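Notes for the one structure printed next.
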Number of protein chains: 2
Amino acid sequence: MEDYLEAIAVLRGEEKVARVNGMSRRLGVTMPSVTSALRKLSDRGLVIHEKYGYVSLTDEGNKLAQDVLRRHRALARFFCEALGVDKRTGEEDACRIEHVISPVSMDRLTKFLEFMAACPFGETKFPETYRYFLEHGKLPQECLRRAPK
Amino acid sequence: MEDYLEAIAVLRGEEKVARVNGMSRRLGVTMPSVTSALRKLSDRGLVIHEKYGYVSLTDEGNKLAQDVLRRHRALARFFCEALGVDKRTGEEDACRIEHVISPVSMDRLTKFLEFMAACPFGETKFPETYRYFLEHGKLPQECLRRAPK
DNA sequence: AACAGGGGTTAGTTAGGACTAACAAAGTAT
DNA sequence: ATACTTTGTTAGTCCTAACTAACCCCTGTT
């Protein structure tokens, strides 16, 4: 179901509106599958979908969708940028993992990306400095000192 | 299904033999679920299971189980040791992700762990040095030189 | 105004994977 | 040897999430 929410959010961003057909193609499922998913999501108060019309998200649905997207993007970045996996594969893995990873691990992974970004010149002691970063939310003094500007 | 194979391999390691009851408790499912899974796996030639008897793996089943275990252990190590996730959560995430991660990403993750382990004093330029490590299978000269012995 | 054709829906199926209830085999104790 | 307990199995049900086939809406063309 999260996939459907995510697809709606992305389509509305890319093409202004989300329709059954677009979702169907994006998700690689048939239109009846989309229709039935939308009915369920509508029952749960997450999407708005009047018959034969456009699809949009309720506030609650949007919150969920944005959260999935956040996870997706972080995972994709991790695989592609950090681990050097090709974009296609990284995206696919993000798509599957985003639904099963725990909040705790997700949080750590996000922090790891921040840590990488924060590291002056990419130089660091890993995982020692990362541990410090986790605890204090910033790099240790001696690490920052090495980075003028 | 991979979970069942994995459970058999682990139980045979821990308690010498795998039985339905043990698998049931380890996997958190009822015994009928185990029985029915075993029938399927047996049909596919992956496990050997005579009624009311012990459960074991065929060569092919064992190969698959060992592969899942390898993935599981690498993922758990990554979450726990690299990212600093608590053991419990790391294990749970490994359990779920091991079934959906692509071979490519799994390979990179494994390499990342090797990279971490190989890094003298844990000091490195990430991700630059990691990229070098990926390409050449070892740390660059100037990095090794800093590590006497 | 009729009518194609694409988008959308409904109805009905299938497959996987879990569950409960009830029964059968094995093991253990008296 | 028999009765009880534990372990396993069978049968039948449910739920989810996909699918196909067949039927609706809508719009643009002529």
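Letters A, B, ... mirror the listed sequences (proteins, then strands); counts begin at 1. Worth knowing before you read on, the calculation uses all heavy atoms, side chains too, and leaves out hydrogens, waters and symmetry mates. If you're wondering where the values come from, they're calculated on a predicted model, not measured in any experiment.
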For nucleotides 2-6 of chain D, tabulate all protein N/O to nucleotide N/O atom pairs closer than 3.5 Å, reporting atom names and distance.
none

Is it true that V68(B) and L113(B) fall in one hydrophobic cluster, defined by side-chain heavy atoms closer than 4.5 Å? no
N-O pairing of K63(B) and D67(B) below 4.0 Å: no
Please report, rounded to the nearest Å, how far the C1' atom of dG8(D) is from the OH atom of Y54(B). 14 Å
Roughly how far, to the nearest 0.5 Å, is the CZ atom of R12(A) from the OH atom of Y54(A)? 10.5 Å
Could you list, one pair per line, each protein nitrogen or oxygen that sits under 3.5 Å from a nitrogen or oxygen of nucleotides 24-26 of chain C, together with the distance?
none

Tell me the interatomic distance from L38(A), atom CG, to dT9(C), atom P, rounded to whole angstroms. 7 Å
Sugar-phosphate means primed atoms, P, OP1 and OP2; the rest is base. With that split, encode nucleotides 12-21 of chain C 5' to 3' as B, S or - using protein heavy atoms under 4.0 Å. -----SSBBB
Can you list every salt bridge (Lys or Arg N to Asp or Glu O under 4.0 Å) pair that touches residues 84-101 of chain A, not counting sequence neighbours? R88(A)-E92(A), D93(A)-R96(A)
Take atom CZ of R39(A) and atom P of dG8(C), then tell me their distance rounded to the nearest Å. 16 Å
Under the criterion side-chain hydrogen bond (donor to acceptor under 3.5 Å, both in side chains), which of E6(A), H99(A), E2(A) is the partner of R71(A)? E2(A)
D59(A) atom CG, neighbour heavy-atom count above 12 within 6.0 Å: no
Check every strand shown and say whether R25(B) touches a base, only sugar-phosphate, or nothing at a heavy-atom separation below 4.0 Å. nothing
Could you state the atom-to-atom distance from CG of D43(A) to P of dC15(D) in whole Å? 15 Å
Is there a side-chain contact between H49(A) and the phosphate of dT9(C), meaning an N or O under 4.0 Å from OP1 or OP2? yes
Could you check, using the six-membered ring where one of them is a Trp, whether F112(B) and F79(A) have ring centers closer than 6.0 angstrom? no
Apart from L5(A) itself, what residues make up its hydrophobic cluster, given side-chain heavy atom links below 4.5 Å? M1(A), Y4(A), I8(A), L11(A), V20(A), M23(A), L27(A), V29(A), M31(A), V34(A), L38(A), L41(A), L46(A), V47(A), V55(A), L57(A), L64(A)
Inspect the contact between K111(A) and D107(A) and indicate whether a charged nitrogen and a carboxylate oxygen are less than 4.0 angstrom apart. yes
Electrostatic pair E15(A):R26(A) at N-O distance under 4.0 angstrom: no
If hydrophobic residues (ILVMFWY) are linked whenever their side-chain heavy atoms come closer than 4.5 Å, directly or via other members, who joins I48(A) in its cluster? none
In this structure, how many angstroms lie between the C1' atom of dG8(C) and the CE atom of M23(A), rounded? 13 Å
